[in-house]
Amino acid sequence: MDSMPGQHETQRPADFLRQILGRPAVVKVNNGAEYRGNLVCLDGYLNIVMEGTEEFVGGELKRRYGDVFLRGNNVIYVGPAPAK
Amino acid sequence: MRSAHVGASSSGDEASGQLLPLELVDVAIGSRVWVILKSAREFRGILRGFDEFVNLVLEDVTEYQFTESGTDTRQLPSMLLNGSNVCVLVPEGGASERTAA
Amino acid sequence: MQSAGSAAEGASTNGALTGGSILGEPSDLVRLCLDELVYVKLRGERELVGRLHGYDQHLNMVVGDAEETVMSTEVDEETFEQIVRTRKRKLPLVFVRGDTLILISPLFRQSGASR
């Protein structure tokens, strides 16, 4: 399962997470809500702590949180926030 | 470049001729994949990597959410997709598109 | 029980990754919420605001003096308008099963909450 020669662009999930840590991120959860904020820390379950977080439902800003803990089992994806 | 077609040349269980599931995912690295979740949500993107839980690193992603009123789509540069929601992964193979690094 | 994932494996013993924060792992934020007022969002359009008395490794929680809000949307059969109904009730002491938890946020550190 390791990257093969010439596949230098291969990036395992752990590498990816290390790269986006401490940066603005977007997290989508099961119920369709989306969270945008600074990615503070996370673990192997994809439990995530974000700060300065905005909650979007159907593209609409619903709420702001100082710090927020998101439970990993409800996380669909996490990625760097796209440039606006 | 790897092709999406997996023959006996692939590593793994050559003796039995078995194609192990994660080998199929592995040969899809670098090419486009179509990922269908357990819910009414799908993703298309370039597979960059995965782990034993089939958490997937995708790049140049289109997200499709199917609702009663139609399909919502959105673009994301990259994401880690939680493997626990993944139902089906379809290698769309062929062109191993690469985005600018 | 959470489904195991090792997306962050190899980072440390618990697989946690942290980016220049006082928090070593995500559950540290929950620990900081102990005995504090928290906002909890649950599956099924449910919210709780109350005091966090305890939690475990599954994020099962004990919340006291909780106000529960349940939201439901109905469609008016004549106008097809979406009507959002919210029901609130007071619950003196509740157990919350961890896998229904979507998020938890401390109210004492919350900035600019729009309610």
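Protein chains get the first letters and strands the later ones, always in sequence-line order, with residue 1 at the start of each. No experiment lies behind these values; they were computed from the predicted model shown.
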| Closest heavy-atom contact between A/D67 and C/S105? | O-OG, 2.6 Å
| query | Can you name the nearest heavy-atom pair linking C/S27 to A/F69, along with the distance? | reply | N-CE1, 3.9 Å
| Under a 4.5 Å heavy-atom cut-off, does chain C meet the side chain of A/V68, its backbone, both or neither? | both
| said: The test is side chain to side chain contact (heavy atoms under 4.5 Å, CB included); show your working for A/N31 and C/R43 and say whether it passes. | reply: CA-CA 7 Å; A/N31 64 2; C/R43 288 199 188 191; over 6 Å; no
| field | Exam field: side chain A/N74 to backbone C/L101, donor-acceptor pair closer than 3.5 Å | value | yes
| task | Measure across C/D99 and A/N73 and return the closest heavy-atom pair with its distance rounded to 0.1 Å. | result | O-ND2, 3.2 Å
| Going from NZ on A/K62 to NZ on C/K41, what distance comes out if it is rounded to the nearest 0.5 angstrom? | 9.5 Å
| field | Option in C/D28, C/V38, C/V30 with maximal non-hydrogen atom pairs under 4.5 Å from chain A | value | C/V30
| field | Region of A/E55 in contact with chain C, defined by heavy-atom distances below 4.5 Å | value | side chain
| Is A/D43 reaching over with its side chain to a backbone N or O of C/E25, donor-acceptor style, under 3.5 angstrom? | no
| request: Quick one: pull up CG in C/L59 and CG in A/N47 and give me the separation to the nearest 0.5 Å. | output: 6.0 Å
| note | Under 4.5 Å to a heavy atom of chain C? For A/Y35 that would be side chain
| task | Might you confirm whether atom CD of C/E74 has over 12 heavy atoms from other residues, nucleotides or ligands at distances under 6.0 Å? | result | yes
| request: Work out which heavy atom in A/C41 is nearest to a heavy atom in C/P26; give both atom names and the distance. | output: SG-N, 3.5 Å
| said: Using heavy-atom distances under 4.5 Å, tell me whether A/N38 contacts chain C through its side chain, its backbone, both, or neither. | reply: neither
| query | Side chain, backbone, both or neither: which part of A/I48 has a heavy atom under 4.5 Å from chain C? | reply | backbone
| request: May I ask you to decide if C/H58's main-chain N or O and A/R71's side chain share a donor-acceptor pair within less than 3.5 Å? | output: yes
| task | Rounded to the nearest 0.5 Å, what's the gap from CG on C/L29 to CD on A/E51? Could you check? | result | 10.5 Å
